[in-house]
Amino acid sequence: MLGFSLAYNDKCGAYIDTDCFDETTEALLQELFTKKIVVFHNAKFDMAFFEYHFGFKFPRFEDTMLLHYLIDENPGGHGLKQLTLKFTPFGDYEKPMYEWIDNYRKEHGILKDQFNWGDIPFDVMKTYAAMDALATFLLYEKFIKIKQNPKLLWVYENILIPGTRFLIDTQDNGVPFDKKRLYVAQEAMQNDIDEAIAALYENEKVRRFEELNGKSFNPNSTVQLRSLLFDYLGLNPTGKKTGTGADSTDAEVLKELALQSDVPQRILDIRQKSKIKNTYLDKIIPQLDRDSRLRTGFNLHGTTSGRLSSSGKLNMQQLPRDNPTVKGCIKAAPGHKIVAMDLTTAEVYVAAILAKDEALMDVFKSGGNFHSTIAHKVFNLPCEVEEVAELYPDRRQAAKAVTFGIMYGAGPAKISEQVTKDSGKVFTKQEAAETINDYFKTFHKLRKWIDDNQKFIEHNGFIYSYYGRKRRLPNVASSDAGIRSHSIRSGLNFLVQSAASDINLLGAIDMGAYIKANNMKSRIFALVHDSILAEVPEEEIDHYCEKLLHFVQMDRGLTIPGAPVGCDFEIDEDYSMGKFTKMYGTDV
DNA sequence: GTGGTCACG
DNA sequence: ACGTACGTGACCACT
């Protein structure tokens with residue numbers, strides 16, 4: 001039996017889960033919900049639950065969690081509990097219920113995960129549920145003032161509220177996985193791990209290290225690995241340290257140490273394969289729904305920049321990009337395809353427009369290869385743009401690193417490090433400094449825009465994005481110069497990251513609404529910052545792509561006339577775009 | 001719970 | 001003289 005509690009007045013109502021209603025109350029409630037604004041704390045969760053289980057519709061709703069996100073964008077503080085403690089006199093109202101739960105679990109020896117919330121007696125639950133509703137209402141009355149800020153109001157009404165609807169559908173659509181492929185991949189990965197471990201133990205020194213310690217060596221333990229590499233094997237540390245000052249054993253270090261011993265490469269192998277098996281395959285398989293889809297979370301309030309975050313059963317925003325194993329298991333149903341749309345260099349596109357830098361906008365207008373065109377301009381290369389990749393690959397690489405580095409506020413040191421890593425050739429700090437200098441000579445309006453905005457951030461301690469999101473940076477007043485400059489870089493990056501991801505999100509929201517309004521069968525199942533993933537029936541592919549392109553490139557104020565933001569479409573049976581079958585054979 | 005590492009844009 | 005690239009989430013070992 002499911003139910004809820006409700007706090008109600010003339011302006012709004014708010015509810016929480018509880019027990020018991022009959023058809024009469026159901027009809028009354030539906031009438032109420034239709035006429036009044038219903039306030040949720042996290043509508044994506046509770047409203048979706050109600051609509052799914054009881055068939056209720058909520059034509060108008062508010063969300064105190066999202067209102068609070070507008071008041072303070074820093075993640076981690078948006079829970080009902082925390083906010084009640086901070087903004088109302090009833091901060092500890094949940095205590096009696098949790099005490100009851102603790103006692104009950106102790107008496108019956110029940111583990112946390114196995115506790116059934118339905119066992120809570122009505123008398124205990126009712127106070128908690130009623131207080132949840134009351135707290136939500138009190139928060140609403142406080143938070144609604146934020147609507148007096150027209151920029152934040154625009155974000156709320158045009159991104160967060162419609163975004164909630166969109167994400168409910170996106171999460172409900174679920175990610176289509178192919179079970180057979182998951183099992184094939186799981187087994188293949190386990191075999192690879194076994195082989196890699198066996199290879200590690202071929203090294204006699206590893207076996208002796210183990211004997212010496214009297215316990216088996218765990219390659220996943222950084223402490224044990226450090227001891228093996230630096231104390232026992234006597235390899236020379238690279239100088240790279242962890243946050244706490246210990247010698248690092250991360251991938252970069254291990255790659256360098258591989259010149260001195262065969263052990264580091266084995267560890268790299270084991271780590272990479274364990275990661276894929278533990279974090280992805282083993283995690284996905286037991287959580288699939290009966291329709292072989294995985295329903296995970298996308299959150300509107302998880303980042304300071306306005307990007308989405310993903311969490312829960314699987315973080316869809318960090319699937320391995322280049323290894324086809326996991327992506328290949330995301331496979332469209334028969335008669336369907338996976339359609340993956342990507343924005344191309346969206347953040348730079350946004351920067352060009354915001355800075356009103358004609359030279360940079362011209363790069364987008366010219367339509368050639370982006371980084372080649374940039375290199376051609378910055379270094380005045382005596383060849384055609386099409387020849388840059390072949391004739392001046394180093395220059396192209398440097399220009400690319402500078403382009404991205406600038407978006408983050410990187411200095412010569414970081415740029416030189418990055419180019420050296422990417423190209424495998426030493427690129428000095430001085431070369432980096434010269435390149436940055438050349439770059440800004442070519443794109444001088446961009447430099448001025450960066451300078452102006454950094455000054456604004458430093459002076460005001462906040463900044464607004466193009467679409468009206470606010471980034472508060474009180475640490476610009478810190479006495480610590482490192483913290484201060486980090487705040488300023490953050491604020492600058494916010495301007496481009498936020499607007500770019502909003503272009504993607506607004507496009508997806510409109511596409512989602514269009515799909516519904518036109519009874520299309522296409523199903524958007526994930527957003528990854530600047531891409532939109534969907535499972536699309538074959539006969540709908542042209543229609544879907546055409547409309548999605550339209551909605552993403554639609555002029556929402558951030559468009560270069562004649563050169564809308566670039567969109568890449570990839571279409572195949574699975575999300576690895578065919579690479580999975582090549583790797584594992586054509587039968588799966 | 002923290003630190004280290006690694007997955008993504 | 002020094003630090004110095006933005007934004008995330010998940011898993012593992014260890015305390």
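Keep in mind that what you see is a predicted model, and the values were worked out from it rather than measured.
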Strictly by modelled atom types, are Asn299(A) and Ser311(A) linked by a side-chain donor-acceptor pair under 3.5 Å?
yes
Using a cut-off of 4.0 Å on non-hydrogen atoms, how would the nucleic acid contact of Gly405(A) be classed: base, sugar-phosphate, or nothing?
base
Assess the pair Phe580(A) and Tyr584(A): is the distance between their ring centroids shorter than 6.0 Å?
yes
Relative to the ring of Phe364(A), is the ring of Phe370(A) parallel (under 30°), tilted (30 to 60°) or perpendicular (over 60°)?
tilted
Starting from P on dG3(C), measure out to CD1 on Ile488(A) and report it in whole angstrom.
19 Å
Salt-bridge test for Glu535(A) and Arg293(A): reply yes if a basic N is under 4.0 Å from a carboxylate O, no otherwise.
yes
Scan Leu319(A) against the nucleic acid and name what it touches under 4.0 Å (heavy atoms): base, sugar-phosphate only, or nothing.
sugar-phosphate
Could you tell me whether Phe494(A) contacts a base, only the sugar-phosphate backbone, or nothing, with contacts defined as non-hydrogen atoms closer than 4.0 Å?
nothing
Interatomic distance where CG belongs to Asn504(A) and C1' belongs to dG9(B) [whole Å]:
11 Å
What integer distance in Å separates Lys414(A):NZ from dC6(C):P?
9 Å
Considering just the side-chain nitrogens and oxygens of His529(A), establish if one lies under 4.0 Å of OP1 or OP2 belonging to dG7(C).
no
Looking at Arg321(A) and dG9(B), is any side-chain donor or acceptor paired with a base atom of the opposite kind under 3.5 Å?
no
Base, sugar-phosphate alone, or nothing: which one does Ser274(A) contact when heavy atoms must sit under 4.0 Å apart?
nothing
One thing to verify: whether Arg207(A) and Glu210(A) come together as a salt bridge, which I'm taking to mean a side-chain N less than 4.0 angstrom from a carboxylate O.
no
Looking only at the side chain of Tyr408(A) (C-beta and beyond, no hydrogens), which of the listed nucleotides dA5(C), dC8(B), dG7(C) gets closest?
dA5(C)
Quick check: does any side chain N or O of Tyr69(A) sit under 3.5 Å from a backbone N or O of Thr303(A), one acting as donor and the other as acceptor?
yes
Just call it for Ser501(A): base, sugar-phosphate, or nothing, with non-hydrogen atoms closer than 4.0 Å on any strand.
nothing
Can you check whether Val348(A)'s main-chain N or O pairs, donor with acceptor, with Thr345(A)'s side chain at less than 3.5 Å?
no
Base-paired stems in DNA chain C, each at least three Watson-Crick or G-U pairs under 3.5 Å
B:1-9 with C:6-14
Identified salt bridge (Lys or Arg N to Asp or Glu O under 4.0 Å) counterpart of Asp250(A) within the set Arg226(A), Lys241(A), Lys240(A):
Lys240(A)
Between atom CG in Asp502(A) and atom P in dG7(C), what is the gap in whole Å?
16 Å
Which of the following nucleotides, dA5(C), dG9(B), dA7(B), is nearest to the side chain of Tyr280(A)?
dA7(B)
Please confirm whether Lys205(A) makes a cation-pi placement over Tyr232(A), using NZ or CZ under 6.0 Å from the six-membered ring centre and within 45° of the ring normal.
no
Contact letters for nucleotides 8-13 of chain C, in which S counts primed atoms plus P, OP1 and OP2 and B counts the base, heavy atoms under 4.0 Å:
SBSSSS
Rounded to whole Å, please give me the gap between CZ in Arg489(A) and P in dG7(C).
9 Å
Have a look at Ala251(A) and say if it touches a base, only the backbone sugar-phosphate, or nothing, with a 4.0 Å heavy-atom cut-off.
sugar-phosphate
Rounded off to whole Å, could you give me the CD1-to-P distance for the Ile406(A) and dA5(C) pair?
14 Å
So, OP1 or OP2 of dC6(B): does either fall under 4.0 Å of a side-chain N or O from Arg271(A)?
yes
Measure the distance from CD on Glu252(A) to P on dC6(B) and round it to the nearest whole Å.
10 Å
Rounded to the nearest angstrom, tell me the gap between atom CZ in Phe298(A) and atom P in dG7(C).
22 Å
Taking Asn493(A) for the side chain and Met407(A) for the main chain, is one N or O donor matched with an acceptor at less than 3.5 Å?
yes
